[in-house]
Amino acid sequence: MNEDILGQLNDSQREAAVYCDGAELVIAGAGSGKTRVLTYKIAYLLQSGYRPWNILALTFTNKAATEMKERISNLVGHDKARLLSMGTFHSIFSRILRTEVSHIGYDHNFTIYDQGDSRSLIKTIIKEMGLDEKQYNSSSVADRISLAKNNLLTAHDYSSSIHVREDVERKVPAVKDVYMRYAERCRQANAMDFDDLLLNTYLLFARHEDVRQKYVDRFRYVLVDEYQDTNYAQQAIVMQLTRDHQRICAVGDDAQSIYGFRGANIDNILNFTKAYDNAKLFKLEQNYRSTQMIVQAANSLIRHNARQIPKNVFSDNERGEKVVFKQAYSDREEAAIVCKEIKRIKSREKCGFGDFAILYRTNSQSRSIEEEFRKSNVPYRVFGGLSFYQRKEIKDIIAYFRLVANPNDEEAFRRIINYPSRGIGDTTLSKIATTANKHALSLWTVASQPLVFGLEANRGTYAKLEAFCSMISAWQAVMQSVDAYQLGQDIIKGSGISKEIYEKREPEDLARQENVYEFLAGLQDFVESRREEGDGEHVYLSDFLQEVALLTDLDSDSDGDDKERVALMTIHSAKGLEFPNVFIVGLEENIFPSPMSCSSLRELEEERRLLYVAMTRAEKRCFLTCAQNRFRYGRVEYGTPSRFLQDISPEYLKKDEISTPASPAYYRGGGQADGGYGSKPKWMQNPRPVASQFKADPKPRAVPPRREENAPSPFSEEFEKRLKVAKLRLKPVTKAEIDELTAPTVSEDVGISVGNVIEHQRFGIGTVIQLEGRGENLKATVQFTNSGTKQLLLKFARYKIVK
DNA sequence: CACGTCACTGTTTTT
DNA sequence: CAGTGACGTG
């Protein structure tokens with residue numbers, strides 16, 4: 001059996017796979033079968049007597065973990081494979097923290113703050129401290145803190161570290177104080193950000209030898225994929241787990257280290273053999289993926305980097321065509337060239353749209369390509385960008401879930417205390433925050449006992465707070481008895497979110513409704529698959545929350561459908577993937593390399609590696625394009641070809657091979673904004689009557705949920721089937737239920753009631769369809785004949801009753 | 001308190 | 001361009 005498995009590897013792959021005598025570093029050139037070695041090594045370990053749960057395999061993405069598990073399943077069977085500990089650093093260690101976190105003073109139901117949460121908290125703190133928000137830009141402060149955590153510096157350590165001097169030089173001396181407060185607030189909220197998951201794991205193991213020992217005993221063999229992208233904290237944790245027995249296998253390629261901005265430290269891989277004394281070094285140098293031409297072109301590029309482990313990547317595949325470079329006049333022409341070339345290759349060879357990928361440096365570059373593809377009916381799929389879980393309506397729902405699971409969660413509290421509107425506005429919120437800070441308590445504690453902490457507010461406000469808190473408390477009470485799906489539905493209905501979302505009928509609302517369906521379907525799916533896996537009879541909301549925080553839609557497995565679409569993604573998200581034909585677009589100075597990364601040689605080398613990664617995704621053909629004029633930040637910018645083009649040896653590069661499309665003006669000139677489609681006035685073309693209500697989430701996409709047949713929302717493929725089923729099973733919130741939820745409160749003190757027709761000074765004639773609130777807060781929802789539905793606060797509205 | 005409007009401004013990659 | 005914050009109005 002061993003023979004069978006190992007027979008499928010080449011000599012150097014096999015040597016790397018069977019070496020089990022100690023620390024091992026496998027330098028795996030691009031396309032050299034790195035994943036293959038890892039999977040076979042794990043299969044080999046299992047056959048040599050290791051129990052599945054004794055093996056820990058850390059990957060870079062959840063997707064990589066799932067795929068590897070699947071491949072191992074095929075070798076050793078599902079039963080064994082499913083028991084392996086395999087996942088990202090973040091997901092594996094968050095699970096360990098869940099069970100051990102009481103040792104370091106957290107509660108096991110801690111929340112995981114995503115980047116948006118932590119940025120918003122940092123922003124709040126900067127405001128509270130009265131710092132200048134221009135000087136203390138919340139995201140750069142967040143980056144500083146993140147970097148510190150990645151280097152295992154706690155807030156306390158930081159304040160006496162060299163970083164403080166840097167901060168002083170950069171004119172942001174208070175970063176250390178922001179960090180200090182931020183850490184306090186996170187603890188107060190019983191929350192951890194992504195970096196805390198690593199930092200706290202490290203501290204847990206460092207301070208509690210018995211706990212460390214427990215996991216050292218459990219994880220008898222540790223494998224780390226993409227080692228070049230680990231940061232100091234990750235490396236340190238791996239060291240804590242492996243320094244006793246030295247059974248570690250790290251796999252990676254220093255030439256593909258592209259996550260330095262996230263704290264990844266290329267020194268980890270460069271210095272591996274120093275960290276582990278007797279480490280054995282293996283090199284996989286044969287590339288099985290690409291043509292010789294592509295491999296050589298990529299080699300000639302990466303040769304310009306000084307810091308690297310020497311290696312000689314080669315290919316025995318066909319020689320192949322030269323890498324093609326073409327400069328276009330504009331970004332539109334660039335898109336058209338790419339589009340035309342895809343069609344040309346596709347008709348010449350028997351291949352599908354799925355054999356093509358467009359790679360770019362920044363997400364925003366997908367736009368011009370998308371426009372062109374849509375115009376030319378080329379099916380495509382955009383990866384990355386705004387993930388499903390970052391959509392406003394989904395985040396709102398999750399915020400409710402989070403607050404129920406952990407009422408101290410400050411960010412969740414802030415998000416939903418007044419969503420849907422319940423008359424608790426900024427004034428009340430900031431009073432709560434001030435009081436909470438004064439007593440070093442969470443917002444929830446203060447809000448639920450306002451009188452105890454001397455929160456000053458009027459009667460109405462107390463009542464509203466009371467209503468909100470008792471609603472949340474009621475769900476808390478049943479959280480351990482009602483299953484996640486049931487409770488989730490209850491919350492969506494009871495919170496008023498369903499009313500908020502299902503009431504309206506604008507196109508954007510419909511998209512949101514679908515997203516909520518998808519979300520519920522996903523939740524149901526989660527509950528069911530958990531049950532099938534036999535992890536206990538009941539699946540609770542907290543189980544779901546644990547997973548959801550670390551999910552990306554990149555991780556979702558796509559079904560066959562994707563094979564028929566061109567893939568659009570950033571180079572970063574293309575890591576580990578391969579395509580027959582790859583187009584790398586936007587190779588211009590000011591984009592690639594990014595101007596943010598041009599200040600040091602180190603950063604520049606990372607950008608070069610990024611291009612190396614991009615080129616080595618290609619199996620057969622690789623195209624590089626750039627544009628002279630590009631529409632960016634609302635204006636046309638002039639750009640010159642990227643300096644990296646000169647790094648590629650000319651013998652592998654062919655310029656201007658693609659023919660320019662014959663006619664149209666790809667010039668996006670000054671004057672006519674709407675290049676000849678109809679002539680509606682601007683304000684009619686993109687009606688967004690309620691836009692302001694739905695804006696404002698961290699990384700919103702320009703075009704709201706994509707719904708055209710070419711470009712459905714990132715999630716709809718994998719959810720489509722489940723969705724249909726779920727819709728049947730789900731009995732979506734019915735009209736009657738909505739009516740019930742929106743039942744009017746009869747109000748005696750004003751002469752207006754549901755059914756009245758009023759005439760409003762600005763909006764014209766309309767029918768009152770709902771009334772809520774009382775006294776001076778009495779609010780009417782009015783369906784106007786010509787102006788849609790509006791909410792009017794009657795004490796202000798200028799109207800008269802007509803009927 | 002909620003919502004609409006206006007002016008300003010920042011520009012990268014993601015677990 | 002598109003997101004954000006400040007400000008005014010009902």
Side-chain angles (χ1 to χ4, degrees), chain A residues 58-65 87-94 112 114-115 123 127 133-134 137-140 143 146 150 193-195 197-198 226 229-231 234 258-264 360-365 367 384-385 387 390 418 420-428 460-461 464 549-552 554-555 569-575 586 590-598 603 606-607 610 613 631-637 673 688-693 695-703 760-763 773 776-777 779 790-799:
Chain A
L58 296 164
T59 60
F60 190 73
T61 61
N62 294 308
K63 188 183 179 190
T88 62
F89 278 84
H90 291 86
S91 71
I92 295 283
F93 294 126
S94 75
I112 298 171
D114 67 17
Q115 191 189 258
K123 194 169 201 167
K127 275 186 193 162
E133 286 185 64
K134 301 256 159 57
N137 169 289
S138 64
S139 48
S140 50
D143 284 349
S146 169
N150 288 160
D193 63 22
F194 283 154
D195 305 311
L197 294 176
L198 304 176
E226 310 278 15
D229 287 321
T230 54
N231 59 37
Q234 291 168 322
I258 54 173
Y259 279 89
F261 70 93
R262 216 175 75 189
Y360 34 77
R361 179 66 180 82
T362 68
N363 276 304
S364 61
Q365 289 169 257
R367 252 195 125 160
S387 95
Q390 295 191 320
N418 199 31
S421 303
R422 49 174 70 85
I424 306 174
D426 290 344
T427 337
T428 310
T461 305
K464 286 169 194 160
L550 301 170
L551 276 187
T552 339
L554 222 59
D555 300 326
M569 65 184 89
T570 63
I571 299 166
H572 282 90
S573 35
K575 183 163 101 159
N590 277 324
I591 290 185
F592 199 176
S594 158
M596 313 302 289
S597 304
C598 289
E603 289 171 315
E606 176 150 322
E607 294 283 312
L610 197 52
V613 169
F631 193 64
R632 249 201 339 166
Y633 309 125
R635 52 186 56 235
V636 177
E637 285 185 355
R688 267 191 277 169
V690 282
S692 71
Q693 241 178 301
K695 62 171 187 207
D697 256 288
K699 280 169 75 183
R701 278 309 276 214
V703 194
H760 187 270
Q761 201 185 31
R762 239 181 47 209
F763 303 134
E776 63 170 16
N777 287 325
K779 223 165 38 177
K790 305 277 178 199
Q791 294 212 325
L792 304 174
L793 198 54
L794 290 175
K795 85 172 152 169
F796 292 125
R798 285 187 226 158
Y799 67 97

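Chain A is the first sequence line, chain B the second, and so forth, proteins listed ahead of strands; every chain is numbered from 1. Treat the numbers as computed from the prediction; the structure is a model and nothing was measured. The analysis underlying the following values was restricted to heavy atoms, covering all of them including side chains, and did not include hydrogens, waters or symmetry mates.
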For a quick check of understanding: with a heavy-atom distance under 4.0 Å over all strands, which category does Thr427(A) fall into, base, sugar-phosphate or nothing? sugar-phosphate
Reckon Asn137(A) touches a base, only the sugar-phosphate, or nothing at all at heavy-atom distances under 4.0 Å? nothing
Side-chain N or O of Thr461(A) less than 4.0 angstrom from OP1 or OP2 on dC1(B)? no
Please state whether the rings of Tyr259(A) and His572(A) are parallel, tilted or perpendicular, taking 30° and 60° as the class boundaries. perpendicular
Looking at dT15(B), dA2(C), dT14(B), which one has an atom nearest to any side-chain atom of His572(A)? dT14(B)
Base, sugar-phosphate or nothing for Thr362(A)? Non-hydrogen atoms, less than 4.0 Å. sugar-phosphate
For Lys123(A), which contact category applies under a 4.0 Å heavy-atom criterion: base, sugar-phosphate, or nothing? sugar-phosphate
Mind checking if Phe89(A) touches a base, just sugar-phosphate, or nothing, with heavy atoms under 4.0 Å? nothing
For Thr59(A), report the nucleic acid contact type (base, sugar-phosphate, nothing); a contact means any heavy atom under 4.0 Å. nothing
Does Asn418(A) make a side-chain N or O approach to OP1 or OP2 of dA2(B) shorter than 4.0 Å? yes
side-chain N/O Asn363(A) vs dT12(B) OP1/OP2, d < 4.0 Å: no
Under the rule for salt bridge (Lys or Arg N to Asp or Glu O under 4.0 Å), what residues qualify as partners of Lys575(A), not counting sequence neighbours? Glu226(A), Asp229(A)
Distance test, side-chain N/O of Thr570(A) to OP1/OP2 of dT14(B), below 4.0 Å: yes
Exercise: identify the closest heavy-atom pair between Asn231(A) and Arg262(A): ND2-O, 4.2 Å
